[in-house]
Protein chains: 2
Amino acid sequence: MAEAWEQRLREHGFRITPQRQLVLEAVEYLRHGTPEEILAEVQRTATGVNLSTVYRTLEVLEDVGLVTHAHIGHGAPTYHAVDEELHIHLVCDRCRKVLSVPADTALTFTTSLAKDFGFATDIAHVSVHGLCSNCQSLPRDVPAEIDHH
Amino acid sequence: MAEAWEQRLREHGFRITPQRQLVLEAVEYLRHGTPEEILAEVQRTATGVNLSTVYRTLEVLEDVGLVTHAHIGHGAPTYHAVDEELHIHLVCDRCRKVLSVPADTALTFTTSLAKDFGFATDIAHVSVHGLCSNCQSLPRDVPAEIDHH
DNA sequence: GTATATGCAAAGGGTTTGCACGGTT
DNA sequence: AACCGTGCAAACCCTTTGCATATAC
């Protein structure tokens, strides 16, 4: 029997290619990865793979439900394999640290958005910004952006 | 007595310039505006103003607490005057429509982030993505992105 | 054999930066 | 007079696209 991911691609009319396999494996291995990071990982095996292929491949893999992405900072999005536990990223606007918390922390929130506005929330898609516990206790006008990653 | 906004700038060691006044007025007038839109509005009065000045000015105005910004789509951020009612943007990933809901809809959510993780949430900074009530009732594989604005 | 995927290079949107000039204090 | 703010142009990051070639089916 073919691997599940091959099945998924074929079902949606896509072809099986080495690039698609490698990108998917890189996302699974990295657990959190930007397109650039995924490319770097893929190129450890296949140096010839191109960034635009990574972009196109991630789009396809997302289409068929094998990966998802989330926006962390203002920069490149982060991709996850779908079998990762669904989580929300809390981004500290001062120190830039990212905290992952279970998606169902937002359950009452998403429930009321559904009830009051009929809106079906994809809570993990976009990060929640704010200040982490550490940075809240710091003096006000201390330089932000301690860690740019 | 000087206007409040002039006070604000001076307090933080910034100078008063026509550009800063015009950008602030444009943000207040537009209520929701991207840097480009703000520039267009400013240029109705002063054609010579430059985009990079708008960016730099918005940063200053945000620094001193006269404006805030929120990320709606993947594109340019939207600026608001601080006296606007604080609201969350709900973005439909299919039709791209944006729904504004009161920020305190998220009160139980932000409260539990504070209690459980010590995180002080800035809920209005980033939009919540998902599907609006209309698009949920549509068939699955209908082309998305009906309205690119 | 035919349609789809890929690599490459170029273009695109949004934003930031270096620099010289001009305006505010 | 000193410094800050501005305009301009170039550079920047991330992403998308056109096209010819290669590959999966």
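Chain letters run A, B, ... following the sequence lines, proteins first and then strands; every chain starts at 1.
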When all nucleic acid strands are considered with a 4.0 Å heavy-atom cut-off, which category describes [X]: base, sugar-phosphate, or nothing?
X        : value
Val60(A) : nothing
Gln19(A) : sugar-phosphate
Thr34(B) : nothing

Figure out the [atom1]/[atom2] separation between [X] and [N], and round it to whole Å.
X        : N       : atom1 : atom2 : result
Leu9(B)  : dG23(C) : CG    : P     : 19 Å
Phe14(B) : dC4(D)  : CZ    : C1'   : 10 Å
Glu59(A) : dT16(D) : CD    : P     : 7 Å
Tyr79(A) : dC14(D) : OH    : P     : 13 Å
Leu58(B) : dG5(D)  : CG    : C1'   : 15 Å
Ile16(B) : dT6(D)  : CD1   : C1'   : 16 Å
Leu51(A) : dA5(C)  : CG    : C1'   : 16 Å

Inset, instruction - In plain terms, say whether Arg56(A) and Glu59(A) are close enough for a salt bridge, that is, a side-chain N and a carboxylate O under 4.0 Å apart. - result: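 No, this pair does not count.
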Inset, instruction - Report yes if a side-chain nitrogen or oxygen of Ser52(B) is closer than 4.0 Å to either non-bridging phosphate oxygen (OP1 or OP2) of dT16(C); otherwise report no. - result: no
Legend entry - Phosphate contact (dC8(C) OP1 or OP2) by Asn50(A) side-chain N/O below 4.0 Å: yes
Inset, instruction - Answer yes or no: does atom CD of Glu85(A) have more than 12 heavy-atom neighbours from other residues, nucleotides or ligands under 6.0 Å? - result: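 It does not: Glu85(A) CD has 12 such atoms or fewer within range.
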Closest to the [X] side chain: [options]?
X        : options                  : answer
Arg56(A) : dC8(D), dC8(C), dA24(D)  : dC8(C)
Thr17(B) : dA24(D), dG5(D), dT15(C) : dG5(D)
Tyr55(B) : dT16(C), dG7(C), dT6(C)  : dT16(C)

Inset, instruction - Would you kindly say whether His89(A) and His32(A) are connected by a side-chain donor-acceptor distance under 3.5 Å? - result: yes
Legend entry - Close side-chain approach of Ser127(A) and Val126(B), heavy atoms under 4.5 Å: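 Ser127(A) does not reach Val126(B) side chain to side chain.
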Legend entry - 5'-most by nearest nucleotide on DNA chain C - Arg15(B) or Pro77(B): Pro77(B)
Legend entry - Check: Arg15(A) main-chain N/O paired with Arg20(A) side-chain donor or acceptor under 3.5 Å: yes
Legend entry - N/O donor-acceptor pair, side chain Arg20(A) with base dA5(C), under 3.5 angstrom: no
